[in-house]
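One structure is given below, encoded as structure tokens.
Whatever order the structure lists ligands and atoms in, that order sets their numbers, starting from 1. Heavy atoms only: backbone and side chains are in, while hydrogens, waters and symmetry mates are out. Bear in mind that the values here come from a model prediction, so they are computed numbers and not experimental data.
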Amino acid sequence: MFPAASLLTTLLLALSIAASPVEVRNSPVTLPIARRLNTSGGTINLVQHDQSRAAALKNFKGDSTLSRRTGSITVTNDGVSYIAAVGVGSPATTYHLIVDTGSSNTWVGAGTAYVKTSTSVDTGEPVTVDYGSGSFSGTEYTDTVTLGSGLTITAQSIGVASTSTGFTGVDGIVGIGPLDLTEGTLTDEPNTTIPTVTDNLYSQGVISEIVVGISFEPTTTDSDANGELTFGGTDATKYTGTLAYTPLTTTYPASYYWGINESITYGSKTILAETAGIVDTGTTLILLASNAYDAYVSATGATLDRTTGLLRITSTQYSALQNLNFNVGSNTYALTPNGQIWPRSLNTYIGGTATSIYLVVSDLGTPSGEGLDFINGYTFLERFYSVFDTTNSQVGFATTAYTDATTN
Ligand SMILES: *[C@@H]1O[C@H](CO)[C@@H](O)[C@H](O)[C@H]1NC(C)=O
Ligand SMILES: *[C@@H]1O[C@H](CO)[C@@H](O)[C@H](O)[C@H]1NC(C)=O
Ligand SMILES: *[C@@H]1O[C@H](CO)[C@@H](O)[C@H](O)[C@H]1NC(C)=O
């Protein structure tokens with residue numbers, strides 16, 4: 001016990017000096033995640049979903065009252081999700097959970113009903129979370145949670161839904177956002193936070209830092225197991241070049257999430273001066289404050305397509321498209337023209353025509369200067385490896401083998 005504890009302490013000291021997460025290779029703490037496009041209900045309205053979510057995120061008041069979670073937000077279809085298979089109970093039942101960096105409660109029961117086993121403990125605490133694009137209410141349990149092949153967390157606090165909206169086709173969420181986002185979700189204990197799976201992996205000694213590395217890859221099919229979560233560190237096989245970190249922003253309300261400061265240029269033209277926003281796996285598109293979006297529209301010559309809600313460009317405009325640069329600290333992450341378009345093979349899933357070219361940059365719906373002026377969603381994260389580092393209060397990015405892919 002003692003040697004292990006002192007080893008951990010030594011490791012932690014070393015890490016806090018380096019302030020750079022451990023590299024995890026062939027680790028049991030990696031979890032494959034599959035991208036799934038929900039085609040069950042016909043056309044997916046990506047823009048409506050993402051804007052509803054953005055409005056809910058911006059609405060967060062962080063004042064430990066439940067009212068902050070009940071904005072007048074439309075529930076829309078969650079079209080694109082990254083799903084992890086997570087076991088709960090002993091023996092475990094497998095649930096398919098959306099991986100969400102923008103929320104922090106883990107819960108099951110939207111689809112597959114919760115199966116109680118000898119490890120299930122009913123805390124009797126009512127729990128409720130509103131996501132903008134959906135919600136759930138139920139009771140908090142503690143139970144054994146299994147991630148990947150055999151990595152177990154004991155007494156993980158999880159929500160068991162009695163009602164939920166917007167989650168047909170999945171069983172719930174594994175929330176890997178900041179701990180504070182769980183505050184206020186236990187109705188009777190508004191000041192209590194609920195340790196996330198990452199927090200518990202750390203406190204139970206499985207990982208030595210509260211860090212999650214995420215790899216997504218672009219895909220042109222409606223379902224593809226091409227993502228990976230690494231708990232406790234990063235996976236060097238999933239990125240190229242060096243990981244660079246930026247401190248979490250102090251600007252509210254981005255500071256409640258994985259918030260960072262960045263500026264955005266289209267070619268050499270600044271369309272968004274340095275400001276705060278968030279990195280979010282629960283958002284499909286790249287959302288820009290309305291003034292930055294308008295500048296992007298005029299720079300690209302794109303027109304709004306009413307059917308999909310996305311911007312559309314001609315093939316001539318596509319040929320002339322310049323990089324969209326995300327400037328973070330002294331680093332620039334260039335989203336290539338191909339990275340700025342929706343995969344053409346998936347056009348019809350979003351109600352588009354097969355031969356059109358749609359852009360993945362969309363309107364946040366509010367002007368800049370409100371403390372959450374951009375969302376770097378999946379379409380950004382599919383081109384750059386990302387690291388969500390609670391221990392060192394930072395977010396990291398690196399280029400990948402797919403940064404310059406032309407698969408779209
Ligand atoms: C999939 O689409 C159907 C129909 O639009 C919707 O009811 C359901 O909630 C969606 N599933 C997910 C996971 O969003
Ligand atoms: C929660 O915290 C607030 C502010 O610190 C305090 O006023 C309130 O009494 C607390 N509520 C409970 C139920 O502990
Ligand atoms: C981010 O930008 C805000 C507003 O300009 C500034 O106050 C803050 O120091 C910047 N850096 C961080 C890490 O928040």
> So is T250 polar-close to ligand 3, meaning N/O to N/O under 3.5 Å?
Replying inline: yes
>> I need the minimum non-hydrogen distance between T275 and F374, along with the two atoms involved.
In response: O-CE2, 3.3 Å
>> Is the ring pair Y131/F167 parallel, tilted or perpendicular, if the boundaries are 30 and 60 degrees?
In response: perpendicular
> Which value, rounded to the nearest 0.5 Å, describes the distance between T249 atom OG1 and I260 atom CD1?
Replying inline: 8.5 Å
> Any chance OH of Y333 has more than 12 other-residue heavy atoms, nucleotides or ligands included, within less than 6.0 Å?
Replying inline: yes
> Would you call the rings of F380 and F397 parallel, tilted or perpendicular if under 30° counts as parallel and over 60° as perpendicular?
Replying inline: perpendicular
> Does at least one non-hydrogen atom of T246 fall below 4.0 angstrom from an atom of ligand 3?
Replying inline: no
>> Under 4.0 Å and counting heavy atoms only, is there anything from the protein next to atom 5 (O) of ligand 3?
In response: no
> Taking non-hydrogen atoms only, is N261 closer than 4.0 angstrom to ligand 3 via side chain, backbone, both or neither?
Replying inline: side chain
> What residue and atom, counting heavy atoms only, is the protein's closest point to atom 3 (C) of ligand 3, and at what distance?
Replying inline: T251 OG1, 3.5 Å
> How does T275 reach ligand 3, if at all, at less than 4.0 Å between non-hydrogen atoms: by side chain, backbone, both, or neither?
Replying inline: neither
> Where is the nearest protein heavy atom to atom 13 (C) of ligand 3: which residue, which atom, and how far?
Replying inline: L248 O, 3.5 Å
>> Any heavy-atom pair between the side chains of Y256 and L181 that's under 4.5 Å?
In response: yes
